[in-house]
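Side chains are part of it too, since the values below use all heavy atoms of this structure and drop only hydrogens, waters and symmetry mates. Counting starts at 1 for both ligands and their atoms, following the listed order.
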Amino acid sequence: MARSLTLLGATGSIGASTLDLVRRNPDDWRVEALTANCSAGELAALAREFGAKIAVVGDEACLPELRDALAGSGIEAAGGVEALCEAASRAVDMTVAAIVGTAGLAPTMKAVERGGTIALANKEALVSAGDVMTAAVAQHGATLLPTDSEHNAIFQCLAGNEIEDVARITLTASGGPLRTWPIERIATATPAEAIAHPNWSMGAKISVDSATMMNKGLEFIEAHHLFPVGLQRLRIVVHPQSVIHSMVEYRDRSTLAQLGPSDMRVPIASCLAYPARMETPLEPLDLASIGQLTFEAPDETRFPATRLAREAIQQGGGAPATLNAANEVAVAAFLDGRVAFGQITQIVEETLATLSAPSPGSMNDVLALDADARAMAENLVENRFV
Ligand code: NAD
Ligand code: MG
């Protein structure tokens, strides 16, 4: 029987990978809701192709265009944050949370509060909301299936084992496109250079995060919430080939690793089919042609972001939400050409040092912290870093 699916962030990179798998298995899925920020024409075309019941744009200004594009289709059109939340509250078998940034928090929390099964790609939501989200997951009996490739790898390596037996979880990092660059050159990397990821094709924001290594910092915090083994048991290792997606070492010194092509359709398929397996259109892994798997320690002098993230989660309270919000602002400013690459982590560090963020007790507290940190980071962009 077909299972129902809502895809938050349908027009993005994760959205496209998800829909590619759905398109190949049309009898397995019935699409309820598809959402985007704007991209009304593209969203409408997807909604028509997949026979969605509703299409939602987060930006209400794009609703008239969406309505026009859906005219005569019988597909409902809606716009605004409330509409995203309404769509995310609808009963479905699977929600794929693939909005980028804390813009995805409120709709993802609606799916959590419904007690749904959520394939979580939207790491920023979990990084900012942290315990607020994991407590809601427990309270409402929701299921989070980690979709981020590293966390999906860890999830697979934990299957059939006890979390108490874990000695160490190692997140692998490609090191990004600037991995071998000297520090002076990193400081002035352009958006085109920062986005040119060697192994993965992704949205602009996460591509910049991979170049600064903030992506791995966010993933360190994400791993802490998904797999509560304690911060001292979480490690990062740079593995430029991105073949091993992460590893779990047990107390007997057995290490389990998950390997696969660097294509998000693999972890997405693992979530969509969970606990079963499904086909993906990818070539089998050819280790002989890959030849070598190499590893190196992260260099936090050239790439301070993992240190900032580790300090933020050690500090706890509202620090991770502050880190994330400042990073979102700084990355957007970098992509707009308003700050230099090297200033991204400086803005994050300075926002963290300036703002004393109390521990959030609810999603509204998280959103308030997020707004404060954004205002502070914007202020730094405007007044200090131009
Ligand atoms: P993307 O930029 O390609 O797509 C983002 C999607 O979110 C789009 O559909 C966009 O319309 C929507 N969106 C953006 N702002 C919005 C807003 N304010 N309101 C409503 N919708 C909004 O991003 P992506 O690369 O697909 O990443 C999505 C999420 O998945 C991110 O959290 C990212 O960190 C995570 N992730 C991505 C990858 C990857 O390979 N792309 C891998 C692991 C995790
Ligand atoms: Mg990842």
Side-chain angles (χ1 to χ4, degrees), residues 7-20 33-43 46-47 55-63 66 78-85 87-88 96-108 118-128 145-155 171-176 195 197 199-210 213-223 226 236 239 242 244-246 258 260-268 271 324 327-328 331-332 335 367 370 374:
L7 173 53
L8 306 171
T11 56
S13 166
I14 294 287
S17 293
T18 304
L19 291 175
D20 179 75
L34 296 178
T35 83
N37 186 34
C38 185
S39 326
E42 192 187 343
L43 180 64
L46 292 172
V56 187
V57 279
D59 183 348
E60 238 175 315
C62 306
L63 180 56
L66 181 65
V81 176
E82 282 306 311
L84 285 176
C85 289
V96 176
I99 292 174
V100 60
T102 45
L105 176 57
T108 302
I118 299 135
L120 183 75
N122 181 201
K123 66 190 85 185
E124 296 91 349
L126 181 56
V127 167
S128 324
L145 297 175
T147 308
D148 210 345
S149 58
E150 297 75 5
H151 306 75
N152 187 266
I154 295 162
F155 186 69
L171 290 161
T172 54
S174 69
I195 284 175
H197 198 282
N199 308 335
W200 297 92
S201 150
M202 310 181 285
K205 192 262 176 183
I206 183 175
S207 297
V208 175
D209 285 346
S210 298
M213 294 285 284
M214 185 58 87
N215 184 48
K216 214 50 54 180
L218 298 176
E219 291 183 352
F220 185 85
I221 299 174
E222 182 185 14
L226 289 171
I236 296 169
H239 164 47
S242 300
I244 296 181
H245 297 303
S246 278
Q258 186 263 355
S262 349
D263 189 306
M264 286 306 292
R265 287 175 294 183
V266 178
I268 294 168
C271 294
N324 177 70
N327 182 59
E328 287 193 34
V331 170
L335 288 170
L367 292 175
D370 181 78
R374 279 169 195 274

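Below 3.5 Å of separation, one finds no N or O of S149 facing any N or O of ligand 1. Checked by distance only, ligand 1 and S39 stay at 3.5 Å or farther apart across all their nitrogen or oxygen atoms.
The shortest contact between atom 18 (N) of ligand 1 and any protein heavy atom is with A103 CB, 3.3 Å. In terms of protein heavy-atom proximity, atom 5 (C) of ligand 1 is nearest to V100 CG1, 3.7 Å. Scanning all protein heavy atoms for the shortest distance to atom 34 (O) of ligand 1 gives K123 CE, 3.1 Å. Closest to atom 43 (C) of ligand 1, if we only count protein heavy atoms, is D148 OD1, 3.1 Å. Ranking the protein heavy atoms by distance from atom 25 (O) of ligand 1 puts G203 N, 2.9 Å first. From the protein, the heavy atom lying nearest to atom 4 (O) of ligand 1 is G12 CA, 3.1 Å. Ranking the protein heavy atoms by distance from atom 3 (O) of ligand 1 puts S13 N, 2.9 Å first. For atom 35 (C) of ligand 1, the closest non-hydrogen atom on the protein side is A121 O, 3.1 Å.
When the options I99, L34, N152, I206 are ranked by their closest heavy atom to atom 29 (C) of ligand 1, first place goes to I99. The nearest non-hydrogen atom to atom 37 (C) of ligand 1, considering only I14, I268, V81, L8, comes from I14. With E124, E219, E222 as candidates, the residue nearest to atom 31 (C) of ligand 1 on a non-hydrogen basis is E124.
Within the structure, ligand 1 has A98 among the residues with a heavy atom less than 4.0 angstrom away. Residue K205 places no heavy atom under 4.0 Å from ligand 1. For the pair L84 and ligand 1, a heavy-atom separation below 4.0 Å is found.
We find the OG1-CG distance between T11 and N37 to be 8.0 Å, quoted to the nearest 0.5 Å. L335 CG to I195 CD1: the interatomic distance, rounded to the nearest 0.5 Å, is 5.0 Å. Here the straight-line distance linking atom CG of D209 with atom CD of E124 works out to 7.0 Å at 0.5 Å rounding. Within the model, atoms OG of S262 and NE2 of H197 stand 8.5 Å from one another, a figure rounded to the nearest 0.5 Å.
Contact record, M264 with S17: CB-OG, 4.4 Å, taken as the closest heavy-atom pair. Minimum interatomic distance between K216 and A173 (heavy atoms only, all atoms of both residues): CE-CB, 3.4 Å.
With a 4.0 Å cut-off on non-hydrogen atoms, N37 touches ligand 1 through its backbone as well as its side chain. With a heavy-atom cut-off of 4.0 Å, A204 does not touch ligand 1 at all.
Counting only protein N, O or S atoms, the number found under 2.8 Å from the Mg ion (ligand 2) is 3.
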